[in-house]
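Following: one structure in structure tokens, then a few remarks.
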Amino acid sequence: MRFFIDTANIEQIKEAHDLGILDGVTTNPSLMAKEGISGKENITNHYKAICDIVDGPVSAEVIATDVEGMIREGEELAQIAPNIVIKIPMTKDGIKAIRYFSQKGIPTNCTLVFSSGQALIAAKAGATFLSPFVGRIDDINWDGVALIREIAELYAVQGFNTEILAASVRNSRHIVQSALAGADIVTCPLPSILGLLKHPLTDIGLAKFLADHKKSNA
Ligand code: G3P
């Protein structure tokens with residue numbers, strides 16, 4: 001399974017990259033706004049900076065909601081770097097844009113996915129990646145991980161190549177559960193990735209090893 005980081009924060013991307021386990025980056029307009037990045041030139045430069053750090057796929061989301069605008073923006077975004085993936089929302093126009101980019105061999109990430117029906121049509125349109133939002137489904141008292149499991153089964157039965165990119169991941173447990181449910185990739189904030197490293201018994205055990213070593217080497 002691959003790890004993407006879900007942020008536009010350069011320091012956090014560097015930190016995850018330095019761990020040696022980072023396979024890609026996802027961003028969205030909210031994450032760009034959180035970093036104070038606005039204006040076409042600044043946004044373009046920010047994507048360039050991210051692509052300079054990470055070789056793997058970097059999702060850059062279109063703002064337009066009509067197919068012509070999505071295609072225009074997507075083509076511009078694709079010029080930024082060879083590893084840019086055009087992130088497109090799950091709408092009727094979005095599906096048309098995904099189909100367009102798929103036929104041109106430009107990778108896409110279909111975002112804001114909340115059902116298996118949406119997953120089916122995105123795969124049929126040729127989406128490279130599919131982003132079901134695990135946390136936001138849990139937020140409405142539904143089961144985000146169950147959706148990942150159902151989409152994984154659907155894609156396996158039908159032989160779709162679209163990769164399941166579990167998104168809106170809120171904690172380390174979501175990562176493990178999404179992996180077990182068949183996600184190809186998990187995109188998550190840095191604290192959720194770092195949380196995978198933690199266990200109190202590891203800290204206690206290490207402290208004891210060091211103390212015992214110190215005693216016998218005094
Ligand atoms: O990848 C989508 C993600 O950024 C949304 O996360 O926590 O805002 O639901 P969240």
Side-chain angles (χ1 to χ4, degrees), residues 1-13 15-17 21-38 43 46-47 50-51 53-54 56-65 70 73-74 77 83-91 94 97-98 107-116 118-119 122-123 127-149 151-152 162-179 181-196:
M1 196 192 73
R2 274 163 288 154
F3 278 96
F4 289 5
I5 189 166
D6 194 29
T7 185
N9 182 285
I10 296 290
E11 291 314 309
Q12 292 190 8
I13 293 169
E15 189 175 337
H17 182 255
I21 53 91
L22 188 65
D23 299 303
V25 179
T26 52
T27 64
N28 62 40
S30 303
L31 294 171
M32 293 296 269
K34 194 171 163 194
E35 299 308 314
I37 314 297
S38 61
I43 289 172
H46 201 76
Y47 284 135
I50 294 173
C51 292
I53 303 167
V54 180
V58 172
S59 288
E61 189 161 340
V62 297
I63 304 299
T65 54
M70 287 177 178
E73 271 181 42
L77 290 167
N83 52 332
I84 286 279
V85 171
I86 314 304
K87 200 171 180 187
I88 298 174
M90 163 47 70
T91 61
I98 287 168
T108 55
N109 174 358
C110 182
T111 190
L112 290 166
V113 170
F114 295 93
S115 77
S116 297
Q118 292 177 324
T128 315
F129 302 104
L130 180 92
S131 291
F133 277 33
V134 175
R136 291 194 196 181
I137 293 175
D138 286 0
D139 287 345
I140 59 159
N141 197 24
W142 208 252
D143 188 344
V145 171
L147 175 62
I148 300 288
R149 191 173 297 111
I151 296 171
T162 299
E163 295 198 272
I164 303 170
L165 199 176
S168 183
V169 163
R170 302 277 176 73
N171 54 58
S172 307
R173 192 66 195 148
H174 268 162
I175 298 177
V176 174
Q177 289 174 318
S178 297
D184 300 289
I185 307 155
V186 166
T187 188
C188 37
L190 184 62
S192 303
I193 299 175
L194 296 179
L196 290 172

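Position 1 is the first residue of the sequence; numbering continues from there. Atoms within a ligand are numbered from 1 in the order they appear, just like the ligands themselves. What you are looking at is a predicted structure, and each value in this text was computed from that prediction instead of being measured.
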- Message: Among residues at least two apart in sequence or on other chains, which ones pass side chain to side chain donor-acceptor pair (under 3.5 Å) with S178?
- Response: none

- Query: When rounded to the nearest 0.5 angstrom, what distance separates CD1 in I5 from CD in E15?
  - Reply: 8.0 Å

- Task: Would you check if there is a donor-acceptor pair between the side chains of N171 and S192 at a distance under 3.5 Å?
- Result: no

- Message: Show every salt bridge (Lys or Arg N to Asp or Glu O under 4.0 Å) that has at least one partner inside residues 164-179, sequence neighbours left out.
- Response: D139-R170

Below 3.5 Å only, please: the N or O atoms of ligand 1 paired with protein N or O atoms, distance on each line.
unit_1, atom_1, unit_2, atom_2, d
ligand 1, 1 (O), D6, OD1, 3.4
ligand 1, 1 (O), D6, OD2, 3.0
ligand 1, 4 (O), D6, OD2, 2.6
ligand 1, 4 (O), N28, ND2, 3.0
ligand 1, 7 (O), R170, NE, 2.8
ligand 1, 8 (O), R136, NH2, 2.8
ligand 1, 9 (O), R136, NE, 2.6
ligand 1, 9 (O), S168, OG, 2.7
ligand 1, 9 (O), R170, NH2, 2.9

- Message: Applying side chain to side chain donor-acceptor pair (under 3.5 Å), can you list everything that pairs with N28, at least two apart in sequence or on another chain?
- Response: none

- Message: I'd like to know if the side chain of T26 pairs up with that of T187 as donor and acceptor (distance under 3.5 Å, no hydrogens or angles considered).
- Response: yes

